[in-house]
**Q** 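The following block contains the structure, expressed as structure tokens.
Worth knowing before you read on, the calculation uses all heavy atoms, side chains too, and leaves out hydrogens, waters and symmetry mates.
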Amino acid sequence: MKNRGKLRYIIVKEKRYLWNYFYDDMDFTNYPYSYYLFVPAENPQLKVRVYFTKYVPQMNLDVYMGEGTICQYKGQQIEMNLCRPLFARQVIEYVFDKCCHDTDVGEFAIKDGEVILEKLGYSDFYEKFWVDR
């Protein structure tokens, strides 16, 4: 998996987190496959990965483009790009409210990232990829 860069800082609910979004377009066994990595800044002993198996970024690795995947958000058409801090903030807030606590220790893998996106109000975020193929 190519590393698009080091972890970035974001503040969510007055807490600091390190994060980045990773995508491997060469993993043909699991394609499409991507994940967020979240680490609370105050607790580097916790690493949370949120995996996505349906969301496919419409971007090139190592390049932050304005492009994204067209989807629905609460009934409105939007462009989703998981590299953007807006989406990371929403997923971080959900994960640390509902799945784990920022004081936990270890590595957690959340395999159903699409379910989290759906609970946040997103839908149809992978149809464009399949229609274009």
**Q** Kindly assign one of parallel, tilted or perpendicular to the pair Phe96 and Tyr17, based on the angle between their ring planes and the thresholds 30° and 60°.
**A**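 Correct class here is tilted.
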
**Q** With the side chain counted from C-beta on, respond yes when Lys74 and Ser123 share a heavy-atom pair under 4.5 Å apart, and no when they do not.
**A**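 A side-chain contact under 4.5 Å is absent here.
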
**Q** Could you tell me if Arg49 sits above the aromatic ring of Phe38, with its cationic atom closer than 6.0 Å to the ring centre and no more than 45 degrees from the axis?
**A**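 No, a cation-pi geometry is absent between Arg49 and Phe38.
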
**Q** Could you tell me if the side chain of Val105 sits less than 4.5 Å from the side chain of Leu46, heavy atoms only?
**A**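 Of all side-chain heavy-atom pairs linking Val105 with Leu46, none is under 4.5 Å.
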
**Q** Heavy-atom distance under 4.5 Å between the side chains of Val50 and Val95, does that happen here?
**A**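 A side-chain contact exists here, since the closest heavy-atom pair is under 4.5 Å.
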
**Q** Is any side-chain heavy atom of Leu117 less than 4.5 Å from a side-chain heavy atom of Val115?
**A**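 With C-beta onward as the side chain, the pair stays apart.
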
**Q** So, taking the atom named OG1 in Thr103 and the one named NE2 in His101, what distance separates them when rounded to the nearest 0.5 Å?
**A**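 Rounded to the nearest 0.5 Å, the OG1-NE2 separation comes to 6.5 Å.
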
**Q** Are Val48 and Ile11 grouped together when hydrophobic residues (ILVMFWY) are joined by side-chain heavy atoms under 4.5 angstrom apart?
**A**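 Cluster IDs for Val48 and Ile11 differ.
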
**Q** Shortest non-hydrogen contact from Pro85 to Ile10?
**A**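 Here Pro85 and Ile10 meet closest at O-CD1, 3.6 Å.
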
**Q** Got Gln77 and Gln72 here, is their nearest side-chain heavy-atom distance under 4.5 Å?
**A**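 Touching, per the 4.5 Å side-chain cut-off.
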
**Q** Does the Asp112 side chain pair with the main chain of Glu114, one donor and one acceptor, at a distance under 3.5 Å?
**A**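 Not confirmed, Asp112 side chain does not pair with Glu114 backbone.
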
**Q** What distance do Ile92 atom CD1 and Ile116 atom CD1 have between them, rounded to the nearest 0.5 Å?
**A**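 If I round to the nearest 0.5 Å, the distance is 11.5 Å.
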
**Q** Any donor and acceptor pair, going by atom type alone, linking the side chain of Asp97 with main-chain N or O of Tyr94 inside 3.5 Å?
**A**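 No; judged by distance alone, with no hydrogens or angles, the pair does not exist.
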
**Q** What do you reckon, is NZ of Lys47 surrounded by more than 12 foreign heavy atoms closer than 6.0 Å?
**A**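 It does: Lys47 NZ has more than 12 such atoms within range.
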
**Q** Between the side chains of Gln90 and Tyr122, is a donor N or O closer than 3.5 angstrom to an acceptor N or O?
**A**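 Yes, Tyr122 and Gln90 have a side-chain donor paired with an acceptor closer than 3.5 Å.
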
**Q** With a 4.5 Å cut-off on side-chain heavy atoms, are Leu18 and Tyr9 touching?
**A**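 Yes - at least one pair of side-chain heavy atoms lies under 4.5 Å apart.
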
**Q** Take Glu93 and Lys98 through the salt bridge (charged side-chain N to carboxylate O under 4.0 Å, His left out) test and state the conclusion after the steps.
**A** CA-CA 8 Å; Glu93 190 170 322; Lys98 307 224 184 292; over 6 Å; no

**Q** Can you confirm whether Trp19 sits close enough to Leu7 that some side-chain heavy atom of one is under 4.5 Å from a side-chain heavy atom of the other?
**A**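 Side chain of Trp19 against side chain of Leu7, heavy atoms only: no contact under 4.5 Å found.
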
**Q** What class does the angle between the rings of Tyr36 and Phe52 fall in, given that below 30° is parallel, 30 to 60° is tilted and above 60° is perpendicular?
**A**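 Taking Phe52 first and then Tyr36, their aromatic rings stand perpendicular (interplane angle over 60°).
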
**Q** In Å and rounded to the nearest 0.5 Å, what is the CD1 to CE distance from Ile70 to Met80?
**A**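 So the gap between those two atoms works out to 11.0 Å.
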
**Q** Can you find a heavy atom in the side chain of Asn20 that is under 4.5 Å from one in the side chain of Leu37?
**A**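 When only atoms from C-beta onward are counted, Leu37 and Asn20 do not touch, as no gap falls below 4.5 Å.
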
**Q** To the nearest 0.5 angstrom, please state how far the CG atom of Asn43 sits from the CZ atom of Arg16.
**A**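 It comes to 14.5 Å.
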
**Q** Once you round to the nearest 0.5 Å, how far does CG of Asp124 lie from SG of Cys71?
**A**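 It comes to 8.0 Å.
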
